[in-house]
Amino acid sequence: MNCLSPSILSADFNRLGEQITAAEQAGAQYLHFDVMDGHFVPNISFGMPVLQSLRAQTGMMLDVHLMIEDPVRYIGDVADCGADIITVHAEACTDLNLAVDRIKERDLLAGVALCPATPLTELTYILPRIDMVLIMTVNPGLGGQKLIPYTLEKVRDLKEMIDSRGLKTDIEVDGGINFKTLDAALDAGANIIVAGSAVFEGDVEENTKRLLDRMK
């Protein structure tokens, strides 16, 4: 099933609760929450208090993307704040298997993210243990970038890898996804779509409905 995960990084924080409610009422199933530490990526975003407040605000799946160094340190705190899915970057983990263990110990869905140039071979052995792979379609940490075309080839290759091994792993894409690039991402094999500006610029409810209609 195709799912939309609006990224609150593009939301108007003066109207955050209102905009999240609008996206949820329009049918969005997930809510994407980017945690940035200023080390793994150049920017700093938000942390546990915001996540906890969102858990009280919405019944959507909280899709938490840890763009931070040594994410194992914070998996317990993120779980306590109400995350449903925790995604760590393969590039940021000294022990990726341990990170997945920590997520699974909390009975949450485990995701692994790969930066655009990181090869799929990073997933060879861990793939059967995880629920989702997040393919970054832009360089992480900076908003407003255009989708990097070769990342869609990577999505296609990942889809083939998943299918050949008889797995049901979700494929999420994040970065530069809008009304012009959505179809190509879906055609490549992605089924969870992270969208920021495409949702939150303008009428959130209308944008969400239009994206979901295109994803049917």
Side-chain angles (χ1 to χ4, degrees), residues 1-36 41-43 45-46 50 54 58 60-67 85 87 89 111-118 120 132-159 169-216:
M1 182 177 70
N2 293 332
C3 296
L4 179 65
S5 188
S7 174
I8 66 165
L9 202 61
S10 298
D12 178 353
F13 272 69
N14 284 321
R15 304 169 55 217
L16 183 58
E18 171 193 334
Q19 290 190 331
I20 288 171
T21 297
E24 184 171 17
Q25 289 178 343
Q29 305 98 322
Y30 289 51
L31 191 66
H32 196 76
F33 188 90
D34 286 311
V35 181
M36 303 181 186
V41 294
N43 284 335
S45 59
F46 25 70
V50 178
L54 291 182
T58 181
M60 286 185 282
M61 294 279 286
L62 288 186
D63 173 18
V64 180
H65 178 194
L66 298 181
M67 289 187 271
I85 306 169
T87 297
H89 268 267
V112 172
L114 299 180
C115 293
T118 301
L120 292 175
M132 183 177 77
V133 177
L134 168 52
I135 298 294
M136 292 300 301
T137 44
V138 299
N139 295 309
L142 297 171
Q145 299 178 71
K146 292 184 178 180
L147 182 144
I148 299 170
Y150 73 72
T151 59
L152 296 185
E153 290 299 322
K154 191 174 175 182
V155 172
R156 288 190 184 90
D157 291 343
L158 174 60
K159 178 63 173 171
T169 316
D170 287 320
I171 300 175
E172 183 173 63
V173 287
D174 181 5
I177 306 295
N178 52 44
F179 290 100
K180 293 182 179 179
T181 57
L182 174 62
D183 291 345
L186 294 170
D187 290 344
N191 69 298
I192 300 180
I193 303 296
V194 177
S197 299
V199 171
F200 290 107
E201 287 188 0
D203 187 321
V204 174
E205 186 169 355
E206 179 62 25
N207 289 341
T208 301
K209 289 178 178 178
R210 286 181 60 205
L211 286 165
L212 287 169
D213 284 344
R214 291 273 292 277
M215 292 168 63
K216 290 179 180 177

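Numbers here simply count residues along the sequence, with the first being 1. All figures in this text were calculated on a predicted structure; none of them were measured in a lab.
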Go through Lys216 and Leu212 one step at a time and tell me if the side chain to side chain contact (heavy atoms under 4.5 Å, CB included) criterion holds. CA-CA 6 Å; Lys216 290 179 180 177; Leu212 287 169; 5.6 Å; no

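For Ala113, the side-chain contact (heavy atoms from CB on, under 4.5 Å) partners at least two apart in sequence or on another chain are His65, Thr87, His89, Leu134. Among residues two or more places apart in sequence or in another chain, the side-chain hydrogen bond (donor to acceptor under 3.5 Å, both in side chains) test is passed with Thr137 by none. Residues passing the side-chain contact (heavy atoms from CB on, under 4.5 Å) test with Pro149, sequence neighbours excluded: none. For Arg15, the salt bridge (Lys or Arg N to Asp or Glu O under 4.0 Å) partners are Glu18, not counting sequence neighbours. Remark: Asp183 engages Arg214 in a side-chain hydrogen bond (donor to acceptor under 3.5 Å, both in side chains) (not counting sequence neighbours). For Asp174, the side-chain hydrogen bond (donor to acceptor under 3.5 Å, both in side chains) partners two or more places apart in sequence, or in a different chain, are His32. In terms of the ring-ring contact (aromatic ring centres under 6.0 Å, His included) criterion, residue partners of Phe46 (sequence neighbours excluded) are, by chain and number, Phe13, Phe33. When the side-chain hydrogen bond (donor to acceptor under 3.5 Å, both in side chains) test is applied to Ser7, the partners found at least two apart in sequence or on another chain are Asp34. Under the salt bridge (Lys or Arg N to Asp or Glu O under 4.0 Å) criterion, Glu24 pairs with no residue, sequence neighbours left out. For Lys146, the salt bridge (Lys or Arg N to Asp or Glu O under 4.0 Å) criterion is met by no residue, not counting sequence neighbours.
A donor-acceptor pair under 3.5 Å links the side-chain atoms of Gln19 to the main chain of Asp12, judged by distance alone. Listed for the Glu172 side chain is no donor-acceptor partner under 3.5 Å among the backbone atoms of Val194. Checking side-chain atoms of Lys154 against main-chain N and O of Thr118 turns up a donor-acceptor pair under 3.5 Å. Asn43 contributes a side-chain N or O that, together with a main-chain N or O of Gly141, makes up a donor-acceptor pair within less than 3.5 Å.
Among residues at least two apart or in separate chains, salt bridge (charged side-chain N to carboxylate O under 4.0 Å, His left out) pairs with a member in residues 184-208 are Glu205-Lys209.
Note that CE of Met215 and CG of Asn2 are 5.0 Å apart. Values are rounded to the nearest 0.5 Å. Put simply, OH on Tyr30 and OG1 on Thr58 are 13.0 Å apart, with the number rounded to the nearest 0.5 Å.
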